[in-house]
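One structure is given below, encoded as structure tokens.
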There are 2 protein chains.
Amino acid sequence: MRERCELMVPARKTPTIQDVARHASVSAATVSRVLSSPERVTETTRERVYAAVRDTGYTINQAARSLRLKAARTILMAAPNIGNPFYSTIVDAVIREAAERGYSVLVASRIGDDPNRWLSDYMLSNRADGLLLFDGSLDTNRLHGLRDDGVALPLVAAYDEIPDAKIHSVITDNRLAAKRAIRHLVDLGHTEIGHIIGPSRNQSTNERFIGFAEAMQEAGLVVREEWLFPGTYNMESGTAAAEHLLASGKLPTAVFSGNDEMALGLIHRLRLDGIDCPRDISVIGFDDIAVARFFDPPLTTMRQPREDIGRMATSSLIDIIEGVVPEDEPIHVILTSDLVVRESTRAI
Amino acid sequence: MRERCELMVPARKTPTIQDVARHASVSAATVSRVLSSPERVTETTRERVYAAVRDTGYTINQAARSLRLKAARTILMAAPNIGNPFYSTIVDAVIREAAERGYSVLVASRIGDDPNRWLSDYMLSNRADGLLLFDGSLDTNRLHGLRDDGVALPLVAAYDEIPDAKIHSVITDNRLAAKRAIRHLVDLGHTEIGHIIGPSRNQSTNERFIGFAEAMQEAGLVVREEWLFPGTYNMESGTAAAEHLLASGKLPTAVFSGNDEMALGLIHRLRLDGIDCPRDISVIGFDDIAVARFFDPPLTTMRQPREDIGRMATSSLIDIIEGVVPEDEPIHVILTSDLVVRESTRAI
DNA sequence: GAAACTCCTGCAATCGATTGCATTGACCTT
DNA sequence: AAGGTCAATGCAATCGATTGCAGGAGTTTC
């Protein structure tokens, strides 16, 4: 069987639907029908075609299929920095959910670097049927540009909000979660609270900051300028904040960090100077990354349902692509974060 | 300008090369030439075409292009579990390198679950021009199947070796690195050394184990069965190993962990029972993940050049795809790991 | 026994970009 | 001025899969 096949196709090239048709002595149309709606074809023909597919080792040519159907069955996931481990779980969830619905996933990173060309020119050339955007820093105008120039490209903003009610979004309750975090500290008796702020172009960062400020006000506490530190969501930002704190002399009794990485960096650096968490200072993080519960001390944090974000954003996007959901009635999912109390926070 | 355009194309659909041609009063062939080799076209025509492209908002249809050129300018990155943060840096490097050379990146995960269909049927249907495989657990036969059935698909095995000299690979010196790690412990005076082993289907795991065993023998030390623990490269495996150790009563003075995550889990769990690292036990990891140097204690580990792996594997794959490198002369890159001494290991 | 019906299959057009070959016309040479 | 050269452009086929339409075989109905 194998040998015969090889003799008949001496010049090796990937077999096409025509080759299968010839093999099974039917037309290409019939092969196509067997593959997409088997019930429309007689059983005997069907079996013959299946056998021919096996013999030739046929696999469909997606380019041709996409061209004909005007659909690539592919989504594009775009994030500012895929290198951040925070996205690991999300990427995994997105891929799994997409695969379940028959979609492939293209991944793009660092949109920010060259914001002019990235998305519109290179990526959106019928390679992807929809866009999953984890970057709130893109301005609304550009996105509207995307939607107006050609056909509107299905778009879901995930994790990081885009301040435009017309864009579908799947996010978490950043502001509320931040308030919850501060209230936890206040409940423990803390009154002197600092905050490490994430990159300011992210909407989520700003929401967390607003939540922090609101909760402080509600508790009748003052936000002290010298206890606010800018960061970029990595551990080095945490150590930098620690060094500023140490240099300034006067320490707060608690710090709310915009994410877990910065919290870990902070705790680590302070300990080098003998400031122990939680003995001398309480620290609460945000996200609940995998290592948080294994750290010393195990980190108190606001858990983000990352897997749910990835899964829901993907399924929403595919719903929109497939027209299950009306494009003009924006989906707005807001997932809740949970307070996970561990040992990095303690009553004063 | 904009208005005229809208009036002329009332039924909004993505413009094709034909539309651009009509706009510029040239043929589609000329537009194509302007876009791919501008120097072959008169300046005046060229400008007219560029203007038409701008006016219509034309973007190339990649499906049509792929079909015609039999090249998707896309590579597929496949890993057993993209969810592992270990891949973050790698994914980032792969995407960046690919983008630099004009390629997009499709990402697939969990090949292991359904090893029969995943790769060959769904993915390799002319969607990707090459495969970047981070999974040594696939059996050689299947991969050869991929190469024999149709046209050989360019393939590079990365990080995790595939035991087949004919397959291109970009890996690290796992065995040597493991020996280096053990020698570090031996140099510190340790003689009672345990090992947490990664998932056994990974070739890298086995190499590390062999390195461990060889180094032990060379140092005249015995490998004790009860100090070998199976793991799956996550922190829970580390805590499980710790619990086994605690239950057994007799502790080794040092442990070599197959990766950093398991090392962190081990250290964390042992400390709960009052066994302190490095006071009571030394632990060395493998990889040097981002959190390693911020942990308490900062983790001694064998640093893997993850970014280099991603970058080199990608550039090699694209070289092969583009025929820069002969397919039949396998590339075998072996990158070296470095010992990073921190504080989790100490002289006995 | 013929009309009406169903079911299966093939024909051929179509999706949009690329490229070998043919054509045009400008310019140069003698 | 006629013939030759060469660069610029257009024509039309091509890549492979899908699908509306139509034809043909077989079945039902009156």
Side-chain angles (χ1 to χ4, degrees), chain A residues 9 11 13-50 52-53 56-74 102 121-122 124-127 129 150-151, chain B residues 9 11 13-50 52-53 56-73 121-122 124-127 129 150-151:
Chain A
V9 191
K13 49 197 259 314
T14 91
T16 74
I17 202 171
Q18 320 288 342
D19 298 328
V20 177
R22 216 171 304 122
H23 231 81
S25 312
V26 295
S27 73
T30 300
V31 176
S32 175
R33 276 186 281 254
V34 168
L35 265 30
S36 57
S37 40
E39 74 284 357
R40 293 176 35 83
V41 174
T42 320
E43 171 144 10
T44 59
T45 316
R46 207 189 309 156
E47 289 310 322
R48 209 139 38 90
V49 170
Y50 282 141
V53 167
T56 54
Y58 170 75
T59 57
I60 200 166
N61 183 321
Q62 280 295 343
R65 183 165 211 266
S66 299
L67 174 58
R68 180 63 228 244
L69 297 183
K70 293 172 176 303
R73 290 194 82 77
T74 297
D121 280 10
Y122 265 88
L124 305 185
S125 32
N126 305 55
R127 284 163 111 93
D129 303 326
V151 162
Chain B
V9 191
K13 48 196 265 306
T14 91
T16 73
I17 201 171
Q18 319 288 341
D19 298 327
V20 176
R22 216 172 302 123
H23 232 81
S25 313
V26 296
S27 73
T30 301
V31 177
S32 175
R33 275 186 283 253
V34 168
L35 265 31
S36 57
S37 40
E39 73 284 357
R40 292 175 39 82
V41 173
T42 321
E43 171 146 11
T44 60
T45 316
R46 206 188 309 156
E47 289 310 323
R48 210 140 36 91
V49 170
Y50 283 141
V53 167
T56 54
Y58 169 76
T59 57
I60 201 165
N61 183 320
Q62 279 294 346
R65 182 165 211 266
S66 298
L67 174 60
R68 180 63 228 244
L69 296 183
K70 294 174 176 303
R73 289 193 83 76
D121 280 10
Y122 264 87
L124 305 185
S125 32
N126 304 54
R127 287 162 108 91
D129 304 326
V151 161

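Convention: sequence-line order gives letters A, B, ...; per-chain numbering from 1.
Between the P atom of C:dC15 and the CG atom of B:D19 lies a distance of 11 Å, rounded to the nearest Å. When rounded to the nearest whole Å, the span between CG of B:L35 and P of C:dG16 equals 16 Å. In this structure, A:Q62 atom CD and D:dT18 atom C1' are separated by 13 Å, rounded to whole Å. For the pair B:I17 CD1 and C:dG16 P, the computed distance is 11 Å after rounding to whole Å. In this structure, the CD1 atom of B:I60 is 9 Å from the C1' atom of C:dT18, given to the nearest Å. For B:R65 and D:dG16, the CZ to P distance is 17 Å, given to the nearest whole Å.
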With sugar-phosphate taken as primed atoms, P, OP1 and OP2 and all else as base, the protein-contact string of nucleotides 5-14 of chain C at under 4.0 Å (heavy atoms; B, S, -) is ---SBBB-BB
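Contact between the side-chain N/O atoms of A:T16 and the OP1/OP2 oxygens of D:dG16 is not found at any separation under 4.0 Å. In this structure, A:K70 reaches the C:dG16 phosphate: one of its side-chain N or O atoms is under 4.0 Å from OP1 or OP2.
Between A:T16 and A:Y58, the shortest heavy-atom contact is C-CE1, 3.5 Å. Residue B:A24 comes nearest to B:V49 through the heavy atom pair CB-CA, 4.1 Å, listed as atom of the first residue, atom of the second, then distance.
Residue B:L69 is classed as a sugar-phosphate contact, given heavy-atom separations below 4.0 Å to backbone atoms only.
One distance of note links OG of A:S32 with CZ of A:R68; it measures 9.5 Å at 0.5 Å rounding. The CZ atom of B:R40 sits 10.0 Å away from the OG1 atom of B:T30 when rounded to the nearest 0.5 Å. Here the CZ atom belonging to A:R127 is positioned 7.0 Å from the OG atom belonging to B:S66, to the nearest 0.5 angstrom.
Put simply, the side chain of A:R33 never gets that close to the backbone of A:V41: no donor and acceptor are under 3.5 Å apart.
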